[in-house]
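Just follow the structure's listing: the first ligand is 1, and inside any ligand the first atom is 1. The residues of the chain are indexed from 1 along the displayed sequence.
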Amino acid sequence: MNKQITILGIESSCDETSAAIMQDGKIISNIVSSQQFHFRYGGVVPELASRAHQKYIIPVVNQALEIAKISATDLDAVAFTNGPGLMGSLLVGVNFSKFYAFGLQIPYIAVNHIEAHIYSTFLEDEKPNFPFLALIISGGHTQLIIVNSDFKYEIIGETKDDAVGEAFDKVAKLLNLTYPGGPIIDKLAVSGDNKSISFPTAFPQEGNFNFSFSGIKTSVLYYLKENYPDYKNGLPQETVNNICASFQKTVVDSIVKKTMSAAKKYDITDIAIAGGVSANSELRNRFYTIGKENEKNIFIPKMAYCTDNGAMIANVGYRKYLSGFKSSLTVSAVPDLILA
Ligand code: KG4
Ligand code: ZN
């Protein structure tokens with residue numbers, strides 16, 4: 001019988017310290033330690049994030065091994081996020097992984113975070129077929145990418161200002177809601193009237209696949225200043241719900257419209273959607289419905305694989321390992337970080 005291939009995947013690009021084990025293409029453990037304390041500051045504080053990664057990376061890796069019922073010596077390679085992300089946070093994962101691999105005398109594999117989100121849709125039983133359109137919507141990125149074949153990408157659209165998750169987080173802050181803003185806006189929007197306020201969308205024209213979300217965030221601010229000058233001291237719950245519902249609808253409308261028109265223009269049937277904002281319930285429902293109506297197949301990973309996680313890193317590491325993309329055993333003194 002062939003030897004099993006076992007990969008440890010490590011994610012530390014922002015505020016999640018995560019480690020996962022993939023064995024022969026199956027995730028057998030995925031531990032995510034989320035740095036909840038950032039909510040006190042209304043956003044991620046980079047220095048505190050890197051210190052928390054330092055504190056938790058060893059326990060998280062040990063727990064991933066324990067749950068997978070394997071020992072470190074069973075590993076064939078260590079895959080880690082090498083960017084994009086917060087520099088201090090990345091450095092913890094990069095350095096840990098390289099020296100862990102060196103200690104075990106196994107190769108390491110550098111993984112791009114966006115690439116990992118794209119391939120997170122492959123963690124499910126139903127996988128997209130090449131060429132497919134990938135919509136990456138997270139706290140740091142908003143991109144439409146055509147994936148022609150394994151690891152071959154063509155970016156056809158991206159945000160010209162804020163990432164969509166960033167817009168959710170900033171609007172939540174204006175409404176005195178907790179960080180991260182996406183999950184709470186998603187929840188409150190259910191009780192709001194999404195037609196109560198009209199917010200404008202940028203780049204509404206056809207044939208252009210770029211996004212812009214800073215205008216809508218500013219419109220929410222102007223709406224509050226005009227109608228509730230004392231908004232910093234609290235707002236009626238009904239108003240908060242209505243703003244959440246109207247904001248979310250405008251954002252989802254623009255994302256769905258752009259994505260579907262890109263799929264139409266490039267004649268692509270399979271659409272993979274990933275990144276933290278793909279956890280949004282309205283967005284998921286709208287895509288499943290419109291996909292069916294337009295005979296497009298929609299692939300969105302389960303919730304646990306939408307936000308940052310080690311499983312998506314182990315997954316790309318495994319694919320790269322099989323394709324021969326892995327390091328030699330030489331560890332350079334200066335980590336070769338790719339910061340984008
Ligand atoms: O992919 P991710 O975990 O980290 C980055 O790579 O940025 O995405 C985090 C982002 C945050 O901005 C958060 O507010 C957003 O994903 N998010 C959501 C939801 N859950 C997380 N946005 C909208 N609706 C959600 N349910
Ligand atoms: Zn991410």
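- The neighbour count for Glu238 CD, taken as heavy atoms of other residues, nucleotides or ligands under 6.0 Å away, does not exceed 12.
- Of the candidates Phe122, Tyr119, Phe299, Phe122 is the only one forming a ring pair (Phe, Tyr, Trp, His ring centres under 6.0 Å) with Phe132.
- Here the angle at the Zn ion (ligand 2) defined by NE2 in His113 and OD1 in Asp308 stands at 90°, rounded to 10 degrees.
- Ranked by closest heavy atom to atom 21 (C) of ligand 1, the top entry among Ala172, Gly181, Gly182, Gly276 is Gly276.
- Among the atoms of Cys14, no N, O or S atom is found under 2.8 Å from the Zn ion (ligand 2).
- Counting the atoms of ligand 1 from 1 in the order shown, those under 4.0 Å from a heavy atom of Gly165 are 12 (O).
- Salt bridge present: Lys320 and Glu115 bring a charged side-chain N and a carboxylate O closer than 4.0 Å.
- The aromatic rings of Phe102 and Phe99 sit perpendicular, their planes meeting at an angle over 60°, well past the 30° parallel limit.
- Heavy-atom contacts of His113 reach the following atoms of ligand 1: 6 (O) (cutoff under 4.0 Å).
- Short contacts between ligand 1 and Gly140, defined as distances under 4.0 Å to a heavy atom of the residue, involve ligand atoms 7 (O).
- Side chain to side chain, Thr6 and Asp74 fail the donor-acceptor criterion of an N or O pair below 3.5 Å.
- Those atoms of ligand 1 that come under 4.0 Å of a heavy atom in Pro180, given as number and element, are 13 (C), 14 (O).
- Under a 4.0 Å criterion applied to the non-hydrogen atoms of Gly139, ligand 1 contributes the atoms 5 (C), 7 (O), 8 (O), 9 (C), 10 (C), 12 (O).
- Atom NZ of Lys296 is surrounded by more than 12 heavy atoms from other residues, nucleotides or ligands within 6.0 Å.
- By the criterion of a heavy-atom distance under 4.0 Å, the side chain of Asp169, and not its backbone, is placed next to ligand 1.
- His117 counts as a contact of ligand 1, since one of its heavy atoms falls under 4.0 Å from the ligand.
- Note on His141: not counted as a metal contact of the Zn ion (ligand 2), no N/O/S atom lying under 2.8 Å.
- Of all atoms in ligand 1, numbered sequentially from 1 with element shown, those under 4.0 Å from a heavy atom of Thr307 are 3 (O).
- Checked for salt-bridge contact, Asp270 and Lys127 miss the test: no charged N lies under 4.0 Å from a carboxylate O.
- Contact check for Asn309 versus Glu16: no side-chain heavy atoms found under the 4.5 Å cut-off.
- Considering backbone and side-chain atoms alike, Asp186 places an N or O below 3.5 Å from some N or O of ligand 1.
- Taking the six-membered ring where tryptophan is involved, the planes of Phe199 and Tyr223 are perpendicular, since the angle between them exceeds 60° and thus also 30°.
- For Tyr108 and Phe80, the ring centers sit closer than 6.0 Å to each other.
- Of the protein's non-hydrogen atoms, the one nearest atom 24 (N) of ligand 1 is Asn280 ND2, 3.0 Å.
- Closest to atom 3 (O) of ligand 1, if we only count protein heavy atoms, is Asp308 N, 3.0 Å.
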